[in-house]
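The figures here come from the full heavy-atom set of this structure, side chains too, leaving out hydrogens, waters and symmetry mates.
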Amino acid sequence: MSRLAPLSEEPINEDDSANCSKKGLSWKNWLKTHLSLVFNKKSDLKILLSVLGCPLFPVSALSKPPINEVSSSAQYIIQHFTAATGCRKSEGTVKNIFVTGKVTMAMVDELGATVGSVAGAVGVAQKGCFVMWQMVPNKWLIELVVGGHKVVAGSDGNVAWRRTPWLGAHAAKGGVRPLRRALQASNLCGLDPMAISAVFSSAQYMGEKRISSTDCFVLKLSADQVDLADRSDSTAEMIKHVIFGYFSQRSGLLVFLEDSYLTRIQSPGTYPTYWETTMATKIEDYRLVEGVMVAHSGQSNVIITRFGDNLKAGLSVTRMEETWTIDDVAFNVPGLSLDCFIPPKEVQKDFPDENLDWRSPLHR
């Protein structure tokens, strides 16, 4: 049986779900029928869920560095963060976490408008809720329901996958990476007390910047060339995927995340088209949960830019926003087992255990 096609982080139309299940999610077919989907208002909900629903972090979590070793400015900032949030005190005691929350998504004319407002929204604001489970260190599952559509994504530690009503189940290409929503919603610490140290252990210190009246230290992470190649195919090349973390100089807390990825799409005999997606997330409302500071609300802004020589209309831009809140957080939930993170049967058949080694973070 041939491998399932990799899940796409670009918007996909529901009408071709039958073809996708038979032929696989082909970038060539996507090019033929979906280049205009982002700009079709009838597909707003699918676009919102495809882009905002379950995006992955650019890099895999690395082995955590020694707690008392400060070898760079980046590690010093991370240690400041873990001290400020109380992560160190809970290290080794948190085995899993359960999170529930609410979201509101909308396509907007200009970023910064209140989601769902008449002035800012170009489509109907879509409201929904989500449930997340995480088992330390790299197993997670999320169920997100918005506007009557349910999206499920997860990882068993070997392969990450996503299932939508219009595509079915598809595996993510490249090494296993954390769920971005988990990082922003519970700010890493809640899901794994030392996860932020692992994720940002190889970050590059970029200096200082003022964000929303807060003086911040800036750390940068980039997907390496090997992982970018693993996430590319014959018609779609992942050129870059970077993320910036902004840590408050005063409190030490992570207050802003901004990531961007650029994809070059080209079929034989055609001009290349470039898609750049930038997502910026404000993280706020920190509260103590069992001795650990956890962020309980925030807002994400997304800009999708499409450009290339073959676009007669020139540069095309789509904007969308999301607000999110956390309702409940619980650590060490009884009964949560490894069986809860088993991928769907379609993914299991296509990725048997003996063929998953290349997807491990150790082999990325």
(message) Counting C-beta onward and ignoring hydrogens, is there a side-chain heavy-atom pair between Phe130 and Val151 closer than 4.5 Å?
(response) no
(request) Could you tell me which non-hydrogen atom of Phe98 sits nearest to which non-hydrogen atom of Val333, and how far apart they are? (result) CB-CG2, 3.5 Å
(request) Run the salt-bridge test on Arg319 and Glu321 with the 4.0 Å N-O cut-off and return the result as yes or no. (result) no
(request) For the residue pair Gln299 and Asn301, confirm or rule out a side-chain donor-acceptor distance under 3.5 Å. (result) yes
(request) Considering non-hydrogen atoms only, spot the tightest contact between Arg180 and Leu257 and give its length. (result) NH2-O, 3.7 Å
(request) Begin with the C-alpha distance, continue with both residues' side-chain angles, and end with the deciding distance and a verdict on side chain to side chain donor-acceptor pair (under 3.5 Å) for Arg177 and Ser155. (result) CA-CA 9 Å; Arg177 294 171 282 148; Ser155 169; over 6 Å; no
(request) Would you check if the side chain of Ser267 reaches a backbone N or O of Thr270 as a donor-acceptor pair within less than 3.5 Å? (result) no
(message) Looking at Lys240 and Glu276, is there a salt bridge between them, counting it only when a charged N and a carboxylate O are closer than 4.0 Å?
(response) yes
(message) Can you tell me how far apart OG (Ser50) and CD1 (Ile304) are? Round to the nearest 0.5 Å.
(response) 9.0 Å
(message) Under 4.5 Å between side-chain heavy atoms, counting indirect links through other Ile/Leu/Val/Met/Phe/Trp/Tyr residues: same cluster for Tyr205 and Leu253 or not?
(response) yes
(request) Kindly indicate, with the supporting measurements, whether the criterion side chain to side chain contact (heavy atoms under 4.5 Å, CB included) is fulfilled by Lys173 and Asp230. (result) CA-CA 6 Å; Lys173 227 175 179 184; Asp230 285 342; 5.7 Å; no
(request) Taking the side chain as every heavy atom from C-beta outward, state whether Asp259 and Val242 have any pair of such atoms under 4.5 Å apart. (result) no
(message) Minimum heavy-atom separation for Ala74 and Ala203, please, with both atom names.
(response) CB-O, 3.5 Å
(request) Specify the closest pair of heavy atoms between Trp324 and Ser300, including all atoms of both residues, with the distance to one decimal. (result) NE1-OG, 4.0 Å
(request) Output the distance between atom SG (Cys54) and atom CG (Leu141), rounded to the nearest 0.5 Å. (result) 9.5 Å
(request) Might you work through the side chain to side chain contact (heavy atoms under 4.5 Å, CB included) test for Thr273 and Arg306, ending with a clear yes or no? (result) CA-CA 7 Å; Thr273 300; Arg306 181 168 61 110; 3.7 Å; yes
(message) A side-chain contact here means heavy atoms from C-beta on lying under 4.5 Å apart; do Ile283 and Tyr246 qualify?
(response) no
(message) Would you say the ring centers of Phe217 and Phe247 fall short of 6.0 Å from each other?
(response) no
(message) Any carboxylate oxygen within less than 4.0 angstrom of a Lys/Arg side-chain nitrogen, looking at Asp285 and Arg287?
(response) yes
(request) Measure the CH2-CZ distance between Trp275 and Arg264 for me, rounded to the nearest 0.5 Å. (result) 15.5 Å
(message) Checking the side chain of Asp156 only, and the main-chain atoms of Val159 only, is there a donor and an acceptor separated by less than 3.5 Å?
(response) yes
(message) Can you tell whether the side chains of Asp215 and Arg250 come within less than 4.0 Å, N to carboxylate O?
(response) no
(request) Would you sort out whether His241 and Arg231 count as a side chain to side chain donor-acceptor pair (under 3.5 Å), showing the intermediate values? (result) CA-CA 11 Å; His241 195 172; Arg231 292 158 61 186; 2.7 Å; yes
(request) List the steps and the verdict of side chain to side chain contact (heavy atoms under 4.5 Å, CB included) for Ile77 and Phe81. (result) CA-CA 6 Å; Ile77 294 167; Phe81 172 86; 5.8 Å; no
(request) Please confirm whether the backbone N or O of Val294 pairs with a side-chain atom of His296, one donor and one acceptor, at under 3.5 Å? (result) yes
(message) Would you compute the distance between atom CZ of Phe256 and atom CZ of Phe244 and round it to the nearest 0.5 angstrom?
(response) 11.5 Å
(message) Taking the side chain as everything from C-beta on, heavy atoms only, tell me whether His149 gets closer than 4.5 Å to Thr164.
(response) no
(message) Could you check whether any side-chain heavy atom of Glu322 comes within less than 4.5 Å of a side-chain heavy atom of Met320, counting everything from C-beta outward?
(response) no
(message) Would you say that Thr104 contacts Gln126 through its side chain, given a criterion of any heavy-atom pair below 4.5 Å between the two side chains?
(response) no
(message) Could you report the tightest heavy-atom contact between Met238 and Ser232, atom names first, then the distance?
(response) N-OG, 2.8 Å
(request) Taking the side chain as every heavy atom from C-beta outward, state whether Thr305 and Leu315 have any atom pair closer than 4.5 Å. (result) yes
(request) Spell out, as yes or no, whether a donor-acceptor pair under 3.5 Å connects the side chain of Asp44 to the backbone of Ala106. (result) no
(request) For Asp328 and Val99, indicate whether the former's side chain and the latter's backbone hold a donor-acceptor pair under 3.5 Å. (result) no
(request) Compare all side-chain heavy atoms of Asp327 with those of Thr325 and state whether any distance is below 4.5 angstrom. (result) yes
(message) Looking at Gln75 and Gln79, would you say the former's side chain and the latter's main chain have a donor-acceptor pair under 3.5 Å?
(response) no
(request) Can you measure from CE (Met279) to CD1 (Ile303) and round to the nearest 0.5 angstrom? (result) 11.5 Å
(request) Mind listing the closest non-hydrogen atom pair of Val289 and Phe331 along with its distance? (result) O-CE1, 3.4 Å
(request) Consider only side-chain heavy atoms of I, L, V, M, F, W and Y, link residues closer than 4.5 Å, and tell whether Val145 and Ile47 are in one cluster. (result) no
(message) Let me confirm one number: the CG-CH2 distance from Leu179 to Trp140, rounded to the nearest 0.5 Å.
(response) 4.5 Å
(request) Decide yes or no on side chain to side chain contact (heavy atoms under 4.5 Å, CB included) for Ile239 and Tyr261, but give the supporting numbers first. (result) CA-CA 7 Å; Ile239 297 175; Tyr261 62 88; over 6 Å; no
(request) Using the rule that two of Ile, Leu, Val, Met, Phe, Trp, Tyr join whenever any of their side-chain heavy atoms come within less than 4.5 Å, decide whether Val152 and Leu338 are in one cluster. (result) yes
